[in-house]
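Structure first, commentary second.
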2 protein chains.
Amino acid sequence: MARRTGRRPGNPDTREAILAAARSAFAERGFDAASIRGIATAAGVDPALVHHYFGTKEDLFRATVDIPIDPAQLLPTVLGAGPDGAGERLVRAFLGVWDSPVGAAAVALLRSAVSNEWTARLMREFLVTQVLRRVLDHLDLDPAELPLRGSLVATQVIGLAMMRYVIRLEPVASADPETLVAAIGPTVQRYLTGDITGDLAG
Amino acid sequence: MARRTGRRPGNPDTREAILAAARSAFAERGFDAASIRGIATAAGVDPALVHHYFGTKEDLFRATVDIPIDPAQLLPTVLGAGPDGAGERLVRAFLGVWDSPVGAAAVALLRSAVSNEWTARLMREFLVTQVLRRVLDHLDLDPAELPLRGSLVATQVIGLAMMRYVIRLEPVASADPETLVAAIGPTVQRYLTGDITGDLAG
DNA sequence: GTCTATACGTGGATAGAC
DNA sequence: GTCTATCCACGTATAGAC
């Protein structure tokens, strides 16, 4: 019995356990409020290990939100069938991602963007360069209108995320995804391709 | 010369100075990140005075967001001219409030609602009982649809606030209010009185 | 590779002097 | 009414023992 009964050394998935704990902690509390100690406790490891594997808290956050989701993959689904109905498909695709486990990273980014200037910049850049620009570039539109159209889409989509995942306002928080697609899809469609100058009457 | 040259005693507007500093601090950083010490420094007073006037940090926050804005006052403006165009008028009224100095309190509440469960509850209750219910009660609608309509309006309006005041995504962040009214008003109008079940095609 | 101990900073809150 | 001094809790991060 050369070895004591203590915890086994070199646990191979300690890193993954930390990452998972960090993901939910950041998603539930945001960057500032989440603590390394809390994450370590949730993962069942020592706080020092977190630093050992990931460096600073900021590094850990970056690793957390650096999810293996390539927005480009979703583009064919959203835009493949042409501009008609793109709004509905975009809302459906967003809900699909946010409702999935990896959506926790998106919620973490959203929650943190409110308290941290650098995470807000991270979010702006992600929204603009990874999502909005790609979608809008595939639609034949007046280039001068693109920035406004893009940020209007952002107001609706991020507002939906805020109410559903952060503020948890009912009934949006637990509504069926297709209900939201039917209700909000047309809004996004109008922001993408419709008239946004006010000529459209109720 | 019975009196020294030190700071004058009994400064009557110290309380207001603290309140103003607290408002902008909470609006810029949220409840958690804003510190009593920082607020005191910004107000040019001692941290202990903050406690003396307002009690705990939570008490101070409540005093900060307890603004003298009665949503009921805005109702005639929004709904007075009938349901047609109510969406545009609601967006205009919101921007009027949020863009004004007292809007800082609203931004503070929004920012804080993301990190604090109790401020999120505060915001939910304010939204539901003070804003959405009042607006919707004045429109003749199927009562079964009211909660969904109300939270849809919330997704769009709060999303607008997030992008304009918190994330500061351009061009929405510095857009002319009437541009936003023209673009977003019809969305709110549809959520209030239109078809939200998906029959409306682009 | 894992954990203990600790340095270092910050922030809320209070007691009590002036 | 205002401020000094301080207590206490917590968080990040690191050094170094095992």
Side-chain angles (χ1 to χ4, degrees), chain A residues 1-22 24-26 28-64 108 111-112 115-119, chain B residues 1-22 24-26 28-64 108 111-112 115-119:
Chain A
M1 53 189 76
R3 178 158 296 181
R4 297 291 309 276
T5 56
R7 80 179 278 108
R8 59 204 179 287
N11 194 333
D13 41 26
T14 296
R15 193 192 157 91
E16 282 309 309
I18 294 173
L19 207 51
S24 47
F26 284 133
E28 281 167 21
R29 311 155 91 94
F31 179 80
D32 290 330
S35 76
I36 299 270
R37 285 157 131 95
I39 290 168
T41 301
V45 304
D46 190 272
L49 265 196
V50 179
H51 286 117
H52 179 255
Y53 279 117
F54 293 96
T56 72
K57 187 182 183 182
E58 203 173 304
D59 293 334
L60 175 60
F61 183 79
R62 272 189 231 278
T64 297
R111 267 209 146 93
S112 306
S115 286
N116 276 91
E117 187 48 42
W118 70 269
T119 50
Chain B
M1 55 189 75
R3 178 159 296 181
R4 299 289 309 275
T5 56
R7 83 178 275 108
R8 59 206 179 287
N11 193 332
D13 41 25
T14 297
R15 192 192 159 92
E16 284 308 309
I18 294 174
L19 207 51
S24 46
F26 284 133
E28 282 167 20
R29 309 153 91 95
F31 179 81
D32 290 329
S35 75
I36 299 269
R37 287 157 132 96
I39 290 169
T41 301
V45 303
D46 190 273
L49 265 197
V50 179
H51 286 118
H52 179 254
Y53 279 118
F54 293 97
T56 71
K57 187 183 184 183
E58 202 173 306
D59 293 333
L60 174 60
F61 183 80
R62 272 190 232 277
T64 297
R111 267 208 146 92
S112 305
S115 286
N116 275 91
E117 187 48 43
W118 71 268
T119 49

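First the proteins, then the strands, lettered A, B, ... as listed; each starts at 1.
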Query raised in the report: What integer distance in Å separates A:L49:CG from D:dA13:C1'?
Result: 14 Å
Query raised in the report: Out of C:dG12, C:dT2, D:dT14, which nucleotide sits closest to the side chain of B:H51?
Result: C:dG12
Query raised in the report: Is the shortest side-chain N/O distance from B:Y53 to OP1 or OP2 of D:dG1 below 4.0 Å?
Result: no
**Report entry** Angle between terminal axes - the helix from C:dG1-D:dC18 to C:dC18-D:dG1, 5 pairs each end, rounded to 10°
**Finding:** 10°
Report task. Check the pair B:W118 / B:E58 against side-chain contact (heavy atoms from CB on, under 4.5 Å), numbers first and verdict last. Result -> CA-CA 10 Å; B:W118 71 268; B:E58 202 173 306; 3.2 Å; yes
Report task. Calculate, to the nearest 0.5 Å, the distance between atoms CG and CD1 belonging to B:L60 and B:I36 respectively. Result -> 5.5 Å
Query raised in the report: In whole angstroms, how far is the P atom of D:dG11 from the CZ atom of A:F31?
Result: 14 Å
Query - Inter-residue atom distance B:H52.NE2 - B:T14.OG1, 0.5 Å rounding - result: 11.0 Å
Requested in this report: Please determine, for the side chain of B:A48, which listed nucleotide (C:dA15, D:dT2, D:dA15) has the closest atom?
Outcome: C:dA15
Report summary line: Side-chain atoms of B:V45 come closest, of D:dC3, C:dA13, D:dA13, to D:dC3
Query - Residues B:S112, B:F61; criterion side-chain contact (heavy atoms from CB on, under 4.5 Å); working and verdict - result: CA-CA 10 Å; B:S112 305; B:F61 183 80; 3.4 Å; yes
Query raised in the report: Under the side-chain contact (heavy atoms from CB on, under 4.5 Å) criterion, do A:D32 and B:D32 qualify, and how do the steps go?
Result: CA-CA 8 Å; A:D32 290 330; B:D32 290 329; 6.0 Å; no
Report summary line: Whole-Å distance, B:D46 CG to C:dT14 P, equals 15 Å
**Report entry** For atom CZ of B:R37 and atom P of C:dG12, their distance in whole Å
**Finding:** 7 Å
Query raised in the report: B:A33 near the nucleic acid: base, sugar-phosphate alone, or nothing, with a heavy-atom cut-off under 4.0 Å?
Result: nothing
**Report entry** Atom pair CZ (B:R29) and OG (B:S24), whose distance is rounded to the nearest 0.5 Å
**Finding:** 10.0 Å
Query - Protein-nucleotide distance (B:I36, atom CD1; D:dT2, atom P), rounded to Å - result: 16 Å
Query raised in the report: Once you round to the nearest 0.5 Å, how far does CZ of A:F26 lie from OG1 of A:T119?
Result: 10.5 Å
Query raised in the report: Does D:dT2 have OP1 or OP2 sitting under 4.0 Å from an N or O in the side chain of B:T14?
Result: yes
Query - Separation of atom CZ in B:F54 from atom C1' in C:dA13, rounded to whole Å - result: 16 Å
Query - d(NZ, A:K57; P, C:dC8) in whole Å - result: 21 Å
Query raised in the report: Could you state the CD-P distance from B:E58 to C:dG11, rounded to the nearest angstrom?
Result: 19 Å
